[in-house]
Each structure stands twice: as C-alpha cells, then as structure tokens.
Amino acid sequence: MRAEGATRTPAARTAVVWDALREVLAERAASTRRQTLDIVDAGGGTGGFAVPLAVLGHTVTVVDPSPDSLAALERRAKEKGVGVRALQGDAADLGELLDRDSADLVLCHSVLEYVDDPISALTAVSGLLRRGGAVSVLAANPVASAIHRALAGHFDEARAVLDDPEGRWGDRDPTPHRYTAEALSELLAATGFMVGAVHGVRVFADLVPNRLVDGEPGAAEALVALEQAAATHPALRAIATQLHLIGHKG
C-alpha cells in the first residue's frame, strides 16, 4: 500500500509506516477474526492515512482540532467513495469524544510533539483501545532536525537542537518538542504499552531531491526499498526525520 501524493516521492516517506500498519492490521484481524477493524486517527488532519484505511474496508474515525482539515478529509473521503467519521477535538479530548474500549488501532502521528502532556494523551489513547489493540506513534527526531539545520547552513541552530532538552533549534522553531527513540519508548511503557521495534522513517527521502526520483524509471521503487532497509539499521535509524513505534495494550 502506498500513501497518496502528486508525485511518487511521498510513497518513500510513508512506506515504512505502512509496512508496520499492515502487519498490525493483519495480526489484529487474525486474533479477532474480524476483517473490519475500528481505527481512530488522532490528529489525522486531511486523511492521508485515514482514507486509505477506509478504502481497505475499516471503520475509521478522525479526531482533529482543525475544521479546515476535517473539511478536506471529508472531501478526500468522498472522492474515494468511502465514509470517514470526522470529530473536532484534541488528543486530550479522546476520552470524552469516544467510548472506552472501542478501538483496535489508534494512530498518534505527529501529535506528541504538540501536546502539553504526552502522558495524558497516551493514557487517553490507552482508554480507547480494546485489550490487544495497538497504538502507532510517529514523532519528530531531534537528531534529524540538527542535520537538516546544518545542511541549510544554520550551524548555530543545529548545535542548539543538540543542547536543548526538547530538541528545538530556537524560539522560531514551529515544533515544540522532538523525541529520541528512548524517550518515546519510555512514554509508551509509562502508559502501560508493550513497546515493539523502533523504525526510522524518512532517512533518505527528505534528503534526496524529487528530481532524482520522479520521472526516473525505477527510482521511486528503489528509494522505497532503501527506506525499508534503512528503517531498522541502528546508525541510519538514529538520523531519521521521524521515529515510529508500535505499542500494544496488554
């Protein structure tokens, strides 16, 4: 499965996450003997993950604070001929918006960077999940931010990322918090999840210019394969733009 995009390069940016989600969905379907699973996408925005999951036949609910994003989500879902439930709210509102023990999978992608209390957010996620369910966490990596700032010639900002406990490069940094793999694992463990493998996402995809991929026969597929190989390589995973973890509720 590939994420949607105007060019082929975005497929490489999400391939590793989709690989992990496919595995989780297959395992959950087998254990529950249900092919249609209940999925919540917290902060799902315009539906980049939610709509393809609905196309697969799953029941998907998106919770997002932006009415504009939710409107775009509904348009995207309509174009694909699927229904996706859209609810306006923050991660902290999950327990109020949705019933306990109602989800098989919760996506928490690019959310923990922006919440004031990640423990409370993940606790709310846990409350939604049925026993044996899973959370998919995707968060920004401070090491990658330092690399990208340095490549842009902002060397002082790159150094600031490494020194800042929240992984920020300055007051103008739009990302309030970035997480190491260790920090994400600790958050999941502290909220009762059994933590699986850590995967690096967008190791090379954010560094390779689109012109080297789009229009070159076989280049997009080769970049996807490279991302998949790099995702678990210890040294390369550490420099990925994002880190992805799956946590299981016991």
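No hydrogens, no waters, no symmetry mates; every other heavy atom, side chains included, goes into these values.
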Legend entry - L25 and I39: CA distance, side-chain angles, deciding distance, side-chain contact (heavy atoms from CB on, under 4.5 Å) verdict: CA-CA 10 Å; L25 293 170; I39 301 172; 3.9 Å; yes

Inset, instruction - Measure from the side-chain N and O atoms of N141 to the backbone N and O of A240, and report whether any donor-acceptor pair falls under 3.5 Å. - result: yes

Legend entry - Atom CZ of R34: over 12 foreign heavy atoms under 6.0 Å: yes

Inset, instruction - Check whether any side-chain heavy atom of V135 lies under 4.5 Å from a side-chain heavy atom of T191, and answer yes or no. - result: no

Legend entry - Heavy-atom pair with the smallest gap, counting every atom of V195 and S185: CG2-O, 3.7 Å

Legend entry - Closest contact, heavy atoms only, G167 versus P142: CA-CB, 3.9 Å

Legend entry - Considering all heavy atoms, the nearest A190-I119 contact: CB-CD1, 4.0 Å

Legend entry - Taking every non-hydrogen atom, the tightest pair across A86 and E74: CB-OE2, 3.8 Å

Legend entry - Basic-acidic side-chain contact under 4.0 Å: D206, R202: yes

Inset, instruction - Please determine if K249 and D101 form a salt bridge, counting it only when a charged side-chain N lies under 4.0 Å from a carboxylate O. - result: yes

Inset, instruction - For the pair H148 and W169, evaluate side-chain contact (heavy atoms from CB on, under 4.5 Å) and give the outcome as yes or no after the intermediate values. - result: CA-CA 11 Å; H148 294 160; W169 47 259; over 6 Å; no

Legend entry - Stepwise side-chain contact (heavy atoms from CB on, under 4.5 Å) check, L105 with H58: CA-CA 11 Å; L105 172 66; H58 300 296; over 6 Å; no

Inset, instruction - Flag the pair R178 and D173 as a salt bridge only when some basic side-chain nitrogen lies within less than 4.0 angstrom of an acidic carboxylate oxygen. - result: yes

Legend entry - Connected via hydrophobic side-chain network under 4.5 Å: L128 and F193: yes

Inset, instruction - Check Q242 against S110 and note the closest heavy-atom contact, atom names and distance. - result: NE2-OG, 3.4 Å

Inset, instruction - Evaluate the ring planes of H109 and H244, with Trp represented by its six-membered ring, and classify them as parallel (under 30°), tilted (30 to 60°) or perpendicular (over 60°). - result: perpendicular

Inset, instruction - Spell out, as yes or no, whether a donor-acceptor pair under 3.5 Å connects the side chain of D64 to the backbone of S66. - result: yes

Legend entry - In one Ile/Leu/Val/Met/Phe/Trp/Tyr side-chain cluster, 4.5 Å: L70, L107: yes

Inset, instruction - For side-chain contact (heavy atoms from CB on, under 4.5 Å), just list the numbers for F49 and T14, CA-CA rounded to whole Å, side-chain angles, deciding distance to a tenth of an Å, and then say yes or no. - result: CA-CA 9 Å; F49 282 92; T14 58; 4.2 Å; yes

